[in-house]
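Taking it in order: structure first as structure tokens, then the write-up.
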Amino acid sequence: MYYCMLRSFRGNNFIQLARASGSQTPQLWDTSSKLCTACHTTHSPVSGSLQRPLTHILQRHRSLTASYRCMSSTVQRRRMPSAFTVIDGAFHPFHKHVYEANLRNSLICQQKYLDHKQKVFKGGGENAIARHTQRNRKVLVRERLCMLLDDENYLELSPFAGFGLPYGDIPSAGCLTGIGQINGLWCVFIANDATVKGGTAYPITVKKQLRAQDVAMQNRLPCVYLVDSGGAFLPLQSEIFPDKNQGGRTFYNEAVMSAMKIPQVAVVCGSCTAGGAYVPTMAEEAVIVHRIGTIFLGGPPLVKAATGEEVSPEDLGGARLHSEVSGCVDHFATVESEAYEYARNIISTLNYELPEESSTHPEEPLYSIDDLMGLAPRSYEYSMDIRLIVSRLTDGSRFQEFKARYGTTLVTGFARVEGHQIGIVANNGELTYEASLKGSHFVQLCDQRDIPLVFLQNTSPVTPHTLSQAKAEYKVSILAPGHSDALVQTEEEITQINEMLEDESSAFFSTGRLWDDGVILPQDTRKVLGKCLKIIKQQEYQLSREKMRTPLLRM
Ligand code: COA
């Protein structure tokens with residue numbers, strides 16, 4: 001069995017390759033060549049030293065991640081045993097009224113969540129759905145995802161983005177994004193919903209697409225675009241394209257992702273007009289659906305206005321033209337279902353080697369996850385000890401607390417969720433100087449050990465003596481409702497601003513603007529966390545991650 005050891009050597013990273021079998025004394029390298037799963041080259045020994053100098057290995061691996069891996073693909077890994085302490089998560093009688101008040105509030109929030117979900121499922125409304133399915137003979141976006149993905153067990157990102165915006169409610173911000181499995185490989189999907197104003201891009205659509213690309217980049221997830229878009233939503237055109245974090249950045253990201261070896265596949269299942277035309281042509285492999293997919297910078301009306309020529313969408317930029325003449329797409333699908341089959345087959349050619357599914361089942365928490373409905377505090381005054389929440393999230397309700405007696409208003413420690421080791425940083429009152437110091441110490445510790453962090457955030461406010469002190473208190477709003485006296489004078493102004501703060505502190509307000517990746521129900525927390533932890537691990541299974549010098553280009 002071969003393994004690799006990482007040592008920190010006066011700030012320099014040093015890899016020692018050692019052999020654990022046979023001799024008790026570690027040797028530099030075995031005599032047989034072994035394939036390095038990180039750089040995908042063979043580092044063979046010559047006379048007790050490495051054929052390639054150690055610096056080569058370090059340089060090549062340094063471009064990957066902070067943790068260096070160089071091991072045989074035959075290496076079997078096993079987790080070190082742990083026996084973290086079981087938290088006492090039992091309720092005491094004095095919790096009862098707080099629990100019940102929280103539960104009443106959570107049920108109201110849950111209803112709001114379900115109402116939003118229902119609205120999102122209706123997309124652009126009945127007429128638009130009829131136009132999409134009957135007149136245009138296209139498949140609805142959620143049905144497309146069913147054909148593309150292995151199952152419906154996907155993680156949708158920011159489904160409520162686009163609600164409550166100054167320019168109206170834009171269901172799903174006009175496009176669905178998320179992470180789902182294709183042939184067992186987690187992939188980001190970005191899929192336009194053409195029932196929402198022809199799939200045109202509003203400013204919030206662009207923001208949502210850019211965020212999904214960020215998620216793909218940060219976690220090295222392949223990205224699949226289902227393109228069906230009329231380009232920019234023209235009434236808001238000045239806010240959509242030119243600025244740094246607007247539409248143009250989508251194409252910049254595509255180039256960067258390609259150079260980073262993050263695979264991108266596009267399915268043209270509708271109109272790809274103007275900016276939308278760059279998405280499939282900059283993806284590494286693209287599929288187009290006959291009589292449905294078109295790609296052009298300016299459509300037939302624009303051609304007529306500019307040259308007087310009358311041309312059909314099919315002749316100007318249809319499936320035949322782009323797969324037989326321009327070469328802008330690589331696969332011609334006669335019907336939509338065939339296009340998703342192509343996309344699935346393309347994904348199966350990517351350079352990943354996935355591990356066998358584990359047959360062991362992680363321990364369930366000892367306490368019911370449903371209790372979280374009564375533990376999610378309706379306000380700071382209704383918070384209970386955060387360990388009650390932790391005990392309903394972690395495997396076996398186990399938690400190895402770190403610095404338990406210091407800075408006690410922040411709880412830090414190690415646990416597992418669905419078998420994945422995590423570090424937890426959880427507010428348990430005011431964020432004091434000691435609590436902050438402890439938090440930064442713990443975060444650095446997790447960084448050093450490459451352990452993902454989960455933050456359970458609920459920073460309670462301190463008395464706002466001055467505005468600058470109060471400012472540091474929030475995540476969702478800078479100032480909590482009821483703390484505006486420092487800003488305004490009259491009772492009327494105070495009432496007005498408190499109402500505004502109440503409204504703007506809501507998670508539905510923030511998620512509508514994409515300040516987060518989505519709102520979930522408390523009882524889904526463990527399931528969602530488990531999925532996220534599985535997804536972020538996948539990057540370890542890509543066989544080659546060395547950055548290329550240029551993106552892959554077909555144009
Ligand atoms: N900006 C704003 N609204 C647009 C739009 C655009 N670029 N493109 C379409 N819409 C709206 C339509 O006004 C219509 O709104 P309504 O539902 O309130 O009536 C809705 O989107 C659907 O458009 P419609 O043309 O009825 O549907 P369709 O399925 O026949 O065609 C498109 C959809 C996208 C192919 C077609 O509308 C089109 O070609 N649009 C123009 C594309 C373009 O030139 N974009 C350039 C952007 S830089």
Side-chain angles (χ1 to χ4, degrees), residues 119-120 122-144 162 165-176 190-210 225-243 246-252 266-282 288-319 321-322 328-329 336 339:
K119 274 195 214 166
V120 157
K122 288 184 182 156
E126 277 174 24
N127 291 344
I129 289 176
R131 183 175 56 215
H132 185 86
T133 53
Q134 289 163 28
R135 196 188 74 190
N136 295 346
R137 295 177 189 281
K138 292 192 285 189
V139 177
L140 292 171
V141 64
R142 286 184 192 276
E143 291 168 18
R144 286 174 170 169
L165 299 183
Y167 46 83
D169 280 345
I170 318 299
S172 300
C175 80
L176 269 61
I190 300 178
N192 299 116
D193 182 353
T195 67
V196 182
K197 292 280 179 194
T200 52
Y202 288 74
I204 195 75
T205 319
V206 172
K207 197 173 175 188
K208 191 167 175 182
Q209 290 175 350
L210 293 179
Y225 304 89
L226 305 188
V227 205
D228 187 356
S229 165
F233 179 74
L234 289 172
L236 295 175
Q237 63 85 26
S238 66
E239 297 168 47
I240 292 165
F241 196 75
D243 216 342
Q246 293 182 351
R249 197 170 183 94
T250 314
F251 321 130
Y252 167 82
V267 178
V268 182
C269 45
S271 175
C272 292
T273 310
Y278 292 97
V279 173
T281 45
M282 288 188 69
I288 190 165
V289 188
H290 189 37
R291 295 207 177 90
I292 284 180
T294 50
I295 306 175
F296 32 66
L297 291 176
L302 210 70
V303 173
K304 180 145 196 254
T307 67
E309 186 188 346
E310 287 202 19
V311 61
S312 71
E314 196 64 18
D315 288 343
L316 186 64
L321 179 106
H322 284 306
C328 274
V329 294
E336 279 208 54

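The analysis underlying the following values was restricted to heavy atoms, covering all of them including side chains, and did not include hydrogens, waters or symmetry mates. In listed order, ligands and their atoms are each counted from 1. Sequential numbering from 1 along the given sequence is applied to the chain's residues.
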If you have a sec, work out which protein heavy atom is nearest [atom] and how many Å separate them, to one decimal?
atom                    : result
atom 2 (C) of ligand 1  : Phe233 CD1, 3.3 Å
atom 33 (C) of ligand 1 : Gly198 CA, 4.5 Å
atom 12 (C) of ligand 1 : Lys197 CD, 5.0 Å
atom 1 (N) of ligand 1  : Leu234 N, 3.0 Å
atom 22 (C) of ligand 1 : Arg131 NH2, 3.4 Å
atom 30 (O) of ligand 1 : Arg135 NH2, 2.3 Å
atom 45 (N) of ligand 1 : Gly230 O, 2.8 Å
atom 7 (N) of ligand 1  : Ala232 O, 3.0 Å

> If you count the non-hydrogen atoms of other residues, nucleotides and ligands that lie under 6.0 Å from CZ in Phe251, is the total more than 12?
Replying inline: yes
Under 3.5 Å between some N or O of ligand 1 and some N or O of [X]?
X      : value
Thr200 : no
Asn136 : yes
Gly231 : no
Thr273 : no
Ala274 : no

> Should you measure from each heavy atom of Ser271, which atoms of ligand 1 turn up under 4.0 Å away?
Replying inline: 35 (C)
> Which of the numbered atoms in ligand 1 are below 4.0 angstrom from a heavy atom of Pro235?
Replying inline: 2 (C)
Distance-only, no hydrogens or angles: does the [X] side chain make a donor-acceptor pair with backbone N or O of [Y] under 3.5 Å?
X      : Y      : value
Gln246 : Val206 : no
Ser312 : Asp315 : yes
Lys138 : Cys269 : no
His322 : Ile288 : no

Heavy-atom distance from [atom] to the protein below 4.0 Å?
atom                    : value
atom 18 (O) of ligand 1 : yes
atom 14 (C) of ligand 1 : no
atom 24 (P) of ligand 1 : no
atom 36 (C) of ligand 1 : no
atom 39 (O) of ligand 1 : no
atom 47 (C) of ligand 1 : yes

> Given Val329 and Ile295, is the side chain to side chain contact (heavy atoms under 4.5 Å, CB included) satisfied, shown in steps?
Replying inline: CA-CA 10 Å; Val329 294; Ile295 306 175; 3.8 Å; yes
>> Show, in sequence, the C-alpha distance, side-chain angles and deciding distance for Ile170 and Lys197, and conclude whether the side chain to side chain contact (heavy atoms under 4.5 Å, CB included) test is met.
In response: CA-CA 9 Å; Ile170 318 299; Lys197 292 280 179 194; over 6 Å; no
> Does any non-hydrogen side-chain atom of Thr273 lie less than 4.5 Å from one of Ser229?
Replying inline: no
> Can you find a pair of side-chain heavy atoms, one from Tyr225 and one from Val267, that are under 4.5 Å apart?
Replying inline: no
> Rounded to the nearest 0.5 Å, how far does CD of Glu143 lie from CD of Glu336?
Replying inline: 9.5 Å
>> Within this structure, what is the CZ-OG1 distance for the pair Arg131 and Thr195, rounded to the nearest 0.5 Å?
In response: 8.5 Å
>> Does Gln209 form a side chain to side chain contact (heavy atoms under 4.5 Å, CB included) with Asn192? I'd like the steps, not just the answer.
In response: CA-CA 10 Å; Gln209 290 175 350; Asn192 299 116; 3.5 Å; yes
> Where do Leu316 and Val303 land on the side chain to side chain contact (heavy atoms under 4.5 Å, CB included) test, with the steps shown first?
Replying inline: CA-CA 9 Å; Leu316 186 64; Val303 173; 3.9 Å; yes
